[in-house]
Structures are given as structure tokens and as C-alpha cells.
Number of protein chains: 2
Amino acid sequence: MIPNFSQAEENYIKNIYHLQQSTGFVTTNELSAALNTKPASVTDMLKKLKLKKLLNYEPYKEFQLNALGKKVALGIVRKHRLWEYFLVEKLQFGWDEVHEVAEELEHISSKKLIEQLDSFLNYPRFDPHGDPIPDSNGKMSVQQQLLLTELPLNRFSEVTSVGSQSTELLELLKHKNISIGTRLEVKRKFSFDQSTELELENKVRVNISEQLASVLFVKEL
Amino acid sequence: MIPNFSQAEENYIKNIYHLQQSTGFVTTNELSAALNTKPASVTDMLKKLKLKKLLNYEPYKEFQLNALGKKVALGIVRKHRLWEYFLVEKLQFGWDEVHEVAEELEHISSKKLIEQLDSFLNYPRFDPHGDPIPDSNGKMSVQQQLLLTELPLNRFSEVTSVGSQSTELLELLKHKNISIGTRLEVKRKFSFDQSTELELENKVRVNISEQLASVLFVKEL
DNA sequence: AATTTTTTTTAGGTTTGTCTAAATTTTATT
DNA sequence: AATAAAATTTAGACAAACCTAAAAAAAATT
Ligand SMILES: [Mn+2]
Ligand SMILES: [Mn+2]
Ligand SMILES: [Mn+2]
Ligand SMILES: [Mn+2]
């Protein structure tokens, strides 16, 4: 049986998991930035997580979660995303309001709670930001998705996820009336600034900057 | 604005609140028993809660929450009971399984979360144990209820709440097929041991001990 | 290859919430 | 009223999770 971890431990584990998705490894400074703590505090926790056999770590080296660590991380990600889905679908939260609350809810320890919640929500496969929700075995759906910047002109497509969850981004998307599930086509690309003209489902045209297009993932329909 | 309190502080506040319901005052030993901590730890926390102006406390004296303390306590009780209701009504928990989970959920801090949850649940007025749920202003319904031991013979009545939530009690009630909302009549009282014969709605007769009868609250119909 | 800069760790503190053991105060009993 | 018992507080420690400042190691630059 997997033991329980403290809220602090869980936050470290989850953040290591996300950071190691890109290169497979994480550095002390990266992690301290992600967690808003000092590098010295990270070192303390790395020793503890190594002792608890969740982490491959040698002093001064990059580190990564081992199999057990990843399993624990997926459990936390699962809880986080299920709660986000609950907040949006059942409690009328905006998709830009759920992250902080889920940051707390993800640490509730009851196993039964999360299984019943999953069932109550009808086993959703993606959270409100388009990120996949691991099932109780840690498996998650992959969506073949591409960046909006890579989408050719005049192809029907649907927004599947966003590359960041900063309030700033979500505020801008809300203003432009774009969210997960929005249908759109790219109508023009302007080479001067790489900005893009989109046509939304209701035929409304909106212009988005290259910075914005490069954090929107879509799938062709 | 009311500041946020730590999980430990909230558990102390809530327990003081419940304990002072009977005599208006609480002692160090009572509280340490309720919280499963040592009296010395209680003294430490009492000083802190007094400093934060939630508590009337002088060394070696009994203590009680002041108005602000009670307000904070009611907020925690509200969250606890709403979550219990959610677990039973939406997530298929048994009424004897919800307490521990609610013990964690009651500390989630989002104000919006609890208001939306209340609305989602349709503003329930009683939790699964029959205890009243404070509204967002701290007001709660009172139920004119009497102890089953005080109920005269042959009066139609309904179980409204239980005087304890120990697993032992809930196990026994489940075995006897009694829960909140069960309709019953007292048919006989045996003076030898004060045990009582009940008739349930389905005409089934069950015998309950004096100890059990004295923790069941009912209202006449 | 030597030097500088950056990254990481170590050493030593702090706060919160707990504990044990001893001291003090209050309450009960003789 | 004196003494014994019980309740409470104080003193001193400890673990978890953080911090700052200094030391050590690794990486980058000259
Ligand atoms: Mn979190
Ligand atoms: Mn998300
Ligand atoms: Mn609690
Ligand atoms: Mn209850």
C-alpha cells in the first residue's frame, strides 16, 4: 500500500511530475521557482522524497520521479483535474477560477471520495483546460492535437487545450470568447507580425496575436 | 474581514464550540480529550486563540468562544455539514462514512465554493445525522425534538437526529434498520431495564436498550 | 587552464503544533 | 485547616517545513 503524504510533499511531487514531462529531468532551481520556495528548501525536500523512495536523486545532479513517484503524482493530478471538472460542471465556476480551489481539494485523502466523484461526474476524460484526467490506474487519454500556429487555413477545428493557465491568458481568452471546445477556422495569417484571423462558429472574426496562437492547441474535425 | 485560520486552529475552534453548547464553558481536559491531544497542547492553543480575539480565557479558568469565535465556528460547522450532505446525497456515501471525510473537507477555504455547493444542494437545512446546517449568516433551523425516552406510547414520530456519531452507535442503528427519517411508535416500555419495544413503519417490531433510546431524538408527527 | 559565475548544498534559525516532565494552582477529602 | 488529589500551566524538546547566509561544486567564460 502507498502511504499518505503531507500536503507539502504532494505539492513537490506533483510539480516534479509536471516539470519532468518535457526533458525527463528537473533541477533544483526550476522546482523552487515553480513552488515559490527557496532552493535550500527544495534540497531538504528532495532528501526526504528520496528517503521515501519516490525519487532518483544524487546531490548536485538533476533528478526525476521513479515509477512509484510517478504513480503518486498521477493520483494527485487525477484528483486535481476531477475537482476542476466538478467545479465547472456542477458548481458554475468559470474555468479560470478553479485552479486555486483544486490546489486545495487535491489533497483530500479519501480514496472512496475520489472514486465516487469520478462516477458522479460520469468519468470525464478531460478537465476544463483540456488536460486529460488519469483514470484510477493512472492511464489517461491522449488527444492528437496541434498548435493553432501549425493549423493550415480553412480547416474546421476545435480548441482542445491551452498551454498555460495564467489568469492573464484566461482573461484574454474570455474576452475573445474562446474556450475549450470552441470551433474555429484560420482565415488569414499576416506575415508582418504572424498574427492570425480566426472565424468562430458564429461566423464572428477575431484576430489573435502570435503569442496567443502559440499556446492554443486544436484538433481538426 | 475574518482572517484565515490553520487547520489545527479550526479544529480547536469547532470543538470548543460543540463542547460549550451544554454548559456554556469548556475545560482544558475536556477539550484535550475531544481533540486527542495533551492538555499542555491545549493550553498553548488557548493562548493563541485568545491573542487572536476569539476566546475568553484566563489561566486556570474555564473558557468559551466570544461572539467572533462563535461566528468562525459556525462557518466551519456549516462547511462540515454541507459536505456531509453532499457525500450522502450525491456520492452515495453511507451516513456513517461521511464524518472523517468531512473532517478534512471542512477546511477548504474558498468562500465561493461553499456558497455554490449550498446552492447546488438546494440549501439543505439538516445534515445526514439530523443536525442543522447553519446558513451563510450562521443561522440554523431548530427542530422541536424530544428524546425517544420521553416519547409517550403509541405516538407516531420520526427520528430527527442522534446524540452521538460514534461508529459503534451508527453500526447498531444500521443493524436495527433505524436512521434519520425513520418513522416509529413506542409500543412498550419494560421497567426491569427500561428497554423499549418499537414498531417501525413496516410494522416490524424492534427492541432497543435504554442506552440506545437515550441518544435518539424524535419529533411527533 | 585559470577564473568567474551560477547552481546547489550545508549550517544554523524560525514558526507551528505537538509532546513529556515538572511546577503550580485549584478542588476535594480528611 | 491541613493534606491529598486533580487540573492546569510552564519549561524544555522535537518534527515538519520553511528561511538566510555561507560554503562547496559544477558550469561558463576568459
Ligand atoms: Mn496543492
Ligand atoms: Mn486544469
Ligand atoms: Mn477537521
Ligand atoms: Mn453530521
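Just so it is clear, the model here is predicted, and its values are computed rather than measured. In the text below, chain A, chain B and the rest are named by the order of the sequence lines, each starting its count at 1.
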Anything under 30° is parallel, anything over 60° is perpendicular, the rest tilted; go ahead and classify Phe120(A) against Phe86(A).
tilted
Identify whether any heavy atom of [X] sits under 4.0 Å from a base atom; if not, whether one sits that close to sugar-phosphate; answer base, sugar-phosphate or nothing.
| X | result |
| --- | --- |
| Thr37(B) | sugar-phosphate |
| Tyr57(B) | sugar-phosphate |
| Tyr12(B) | sugar-phosphate |
| Lys47(B) | sugar-phosphate |

Do you know which two heavy atoms are closest between Phe5(B) and Ile2(B), and how far apart they sit?
CE1-CG2, 3.9 Å
Backbone N/O of Leu91(B) and side chain of Gln116(A): donor-acceptor pair under 3.5 Å
yes
Please tell me which of Thr43(B) and Tyr60(A) maps to the more 5' nucleotide of DNA chain D, matching each residue to the nucleotide holding its nearest heavy atom.
Thr43(B)
Once you round it to whole Å, what is the distance between [atom2] of [N] and [atom1] of [X]?
| X | N | atom1 | atom2 | result |
| --- | --- | --- | --- | --- |
| Glu58(B) | dT26(C) | CD | C1' | 16 Å |
| Met45(A) | dA15(D) | CE | C1' | 12 Å |
| Asn11(A) | dA16(D) | CG | P | 17 Å |
| Glu10(A) | dA16(D) | CD | C1' | 15 Å |
| Phe63(A) | dT9(C) | CZ | C1' | 13 Å |
| Phe25(A) | dT7(C) | CZ | C1' | 17 Å |
| Gln7(B) | dA16(D) | CD | P | 17 Å |
| Glu62(A) | dT9(C) | CD | P | 11 Å |

The residue among Arg81(B), Lys14(B), Lys79(B) that forms salt bridge (Lys or Arg N to Asp or Glu O under 4.0 Å) with Glu103(B) is Lys14(B)
From [options], pick the nucleotide closest to the side chain of [X]?
| X | options | answer |
| --- | --- | --- |
| Lys38(A) | dC18(D), dT20(D), dT9(C) | dT20(D) |
| Thr28(B) | dT9(C), dT9(D), dT18(C) | dT9(D) |
| Asn29(B) | dA7(D), dT18(C), dT9(C) | dA7(D) |
| Ala40(A) | dT9(C), dT9(D), dC18(D) | dT9(C) |
| Pro59(B) | dT9(D), dT18(C), dT10(C) | dT9(D) |
| Thr27(A) | dT18(C), dT8(C), dC18(D) | dT8(C) |

Between CG on residue Leu173(B) and CG on residue Leu216(B), distance to nearest 0.5 Å:
5.5 Å
